[in-house]
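Bear in mind the structure is a predicted one, so any value in this text is a computation, not a measurement.
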2 protein chains.
Amino acid sequence: MRIPTAPAVPEQRAVDSEAPSVSSGVRTRSQHQRRKRIVQAAAALASRGGVEAMQMRTVAERAGVALGTLYRYFPSKMDLVVAVVSEEIDLLESSIERRPPSAATAAGRAVDVLMRATRGLMREPELADALIRSLILAEVETPFGDRMTGLLLRVSGRDQATEEEVALAGSLASVWVHELLEMLRGRRTYEQIQQRIEIAAGRLLADF
Amino acid sequence: MRIPTAPAVPEQRAVDSEAPSVSSGVRTRSQHQRRKRIVQAAAALASRGGVEAMQMRTVAERAGVALGTLYRYFPSKMDLVVAVVSEEIDLLESSIERRPPSAATAAGRAVDVLMRATRGLMREPELADALIRSLILAEVETPFGDRMTGLLLRVSGRDQATEEEVALAGSLASVWVHELLEMLRGRRTYEQIQQRIEIAAGRLLADF
DNA sequence: ACAGTTATTAGAATCTGTTCTACTTTGCCA
DNA sequence: TGGCAAAGTAGAACAGATTCTAATAACTGT
């Protein structure tokens with residue numbers, strides 16, 4: 001799996017990696033269905049016992065698909081996790097759109113968004129675990145971190161953000177992710193997270 | 001891998017978990033040596049090919065120890081990774097002690113420390129990548145974040161820190177870890193990290 | 001020195017992600 | 001309709017972390 005002769009370059013895995021037919025790029029209806037069934041089966045298993053319960057053999061079985069097929073759609077377990085998790089983020093974004101944060105300050109609105117996301121994640125703890133970890137683990141660029149940062153900038157009223165503003169929003173996002181991780185490790189309660197996010201947001205987005 | 005929805009009750013794995021003699025807690029000289037040999041072998045392997053190259057069988061072999069013995073000292077690979085990382089942090093701490101940061105402001109000293117640590121990690125990219133990723137993914141408590149936070153508080157002259165100060169230093173530490181990760185993904189240069197750390201530190205530790 | 005506990009060992013065995021093989025089915029089109 | 005490439009299948013095979021076993025060595029207190 002490793003390339004012994006070229007040590008410097010990390011093995012890029014295909015970013016897309018979610019559909020067969022490499023040549024055409026087309027996805028038939030039945031393939032779409034199959035992919036959906038797989039992701040659903042994976043999500044169902046993960047929301048119970050977490051990534052551990054989401055074993056590739058089991059997912060394949062639950063989705064009524066051969067192991068080889070599962071691997072054709074998702075070349076690694078991580079790809080599957082990422083797929084499951086993408087759906088969750090979509091949910092958050094549309095929730096924010098439906099009911100935008102109303103706090104007076106940018107920091108307040110950011111805290112609102114982050115804590116709403118936190119609550120959403122806490123509803124499916126095992127799934128949340130998978131989400132956060134995959135967000136961090138991903139080898140290549142994933143939309144997650146940037147999407148969260150973008151979301152924060154948007155609710156802060158910074159559609160045309162300076163580089164410094166992007167850095168600050170990004171910092172807040174990374175603090176949030178870290179706090180979530182600590183929660184997953186059982187080292188934070190919801191209240192503690194809120195407190196810490198408020199403190200950090202108050203400083204980082206002070207003059208937004 | 002459970003979430004404390006209200007109270008924080010993680011299934012604690014023994015945090016220590018690094019020496020035999022559960023009952024006595026004593027560690028004989030030969031045990032100490034053995035442990036040291038194991039960690040050295042692990043570090044040597046990891047600094048070449050990353051965690052992948054640091055296979056438990058290989059580590060045991062290199063350390064001249066049976067696989068079972070390795071597992072007696074380090075119940076899981078993660079425990080071994082943590083041990084390796086701890087040594088790195090020791091190095092950083094003693095380096096800081098030897099040559100304390102001299103900047104005028106607390107934020108400046110914190111930036112100094114973090115960038116010094118960054119340079120240290122960049123010297124062994126494979127090791128850094130492996131270790132940081134594994135630590136972030138670790139299920140259980142790791143000394144990493146807390147030690148870094150403690151270090152930051154110390155160089156900020158906050159030996160008796162308030163809760164808010166701990167939160168702020170912790171936030172800065174998590175921003176740093178995140179930037180490090182981005183660097184490992186090839187999305188940050190050293191200069192960019194420095195810039196972002198300066199921005200974040202300037203806000204977070206403003207009135208330290 | 002002796003009995004009993006604890007540490008160590010070699011190696012087999014287990015578990016789960018991933019890969020491989022040898023077929024069979026499906027979709028497509030000339 | 002015949003045929004070919006892609007997609008799917010069942011199941012074996014492989015890899016590396018972790019666990020288990022049975023036996024031996026080292027250390028302990030008496």
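The CG-P distance, from A/Leu80 to C/dT16, rounds to 16 Å in whole Å. Here the C1' atom of nucleotide D/dG16 and the CG atom of B/Leu45 are 14 Å apart, to the nearest Å. As a whole-Å value, the separation of A/Glu61 CD from D/dG11 P is 12 Å. As a whole-Å value, the separation of A/Gln33 CD from D/dA7 P is 17 Å. At whole-Å resolution of the value, CG in A/Leu70 and P in D/dG11 are 17 Å apart.
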Per-nucleotide protein contact string for nucleotides 17-27 of chain D (B base, S sugar-phosphate only, - none; heavy atom under 4.0 Å): BBB--------
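Between A/Pro100 and A/Val155, every side-chain heavy-atom pair lies at or beyond the 4.5 Å cut-off.
An OP1 or OP2 oxygen of C/dA7 is reached within less than 4.0 angstrom by no side-chain nitrogen or oxygen of B/Tyr73. Remark: A/Arg72 is not in phosphate contact with C/dT18, judged by side-chain N or O atoms under 4.0 Å from OP1 or OP2. Dashed line: the shortest gap from a side-chain N or O of B/Thr69 to OP1 or OP2 of C/dA7 is not under 4.0 Å.
Partners of A/Glu61 by salt bridge (Lys or Arg N to Asp or Glu O under 4.0 Å), not counting sequence neighbours: none found. Residues forming a side-chain hydrogen bond (donor to acceptor under 3.5 Å, both in side chains) with A/Glu93 (at least two apart in sequence, or on another chain): A/Arg147. Checked against side chain to side chain contact (heavy atoms under 4.5 Å, CB included), B/Arg119 has the following partners two or more places apart in sequence or in another chain: B/Met115, B/Arg116, B/Arg123, B/Tyr190. The side chain to side chain contact (heavy atoms under 4.5 Å, CB included) check on B/Ala42 picks up B/Met54, B/Val59, B/Leu80, B/Val84, with sequence neighbours excluded.
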Using a 3.5 Å cut-off and no angle test, enumerate the donor-acceptor pairs between side-chain atoms of residues 165-176 of chain B and protein atoms at least two apart in sequence or in another chain.
| from | atom 1 | to | atom 2 | distance (Å) |
| --- | --- | --- | --- | --- |
| B/Glu165 | OE1 | B/Thr162 | N | 2.9 |
| B/Glu165 | OE2 | B/Arg158 | NE | 2.7 |
| B/Ser171 | OG | B/Ala167 | O | 3.0 |
| B/Ser174 | OG | B/Ser171 | O | 2.9 |
| B/Trp176 | NE1 | B/Leu114 | O | 3.4 |
| B/Trp176 | NE1 | B/Thr118 | OG1 | 2.8 |

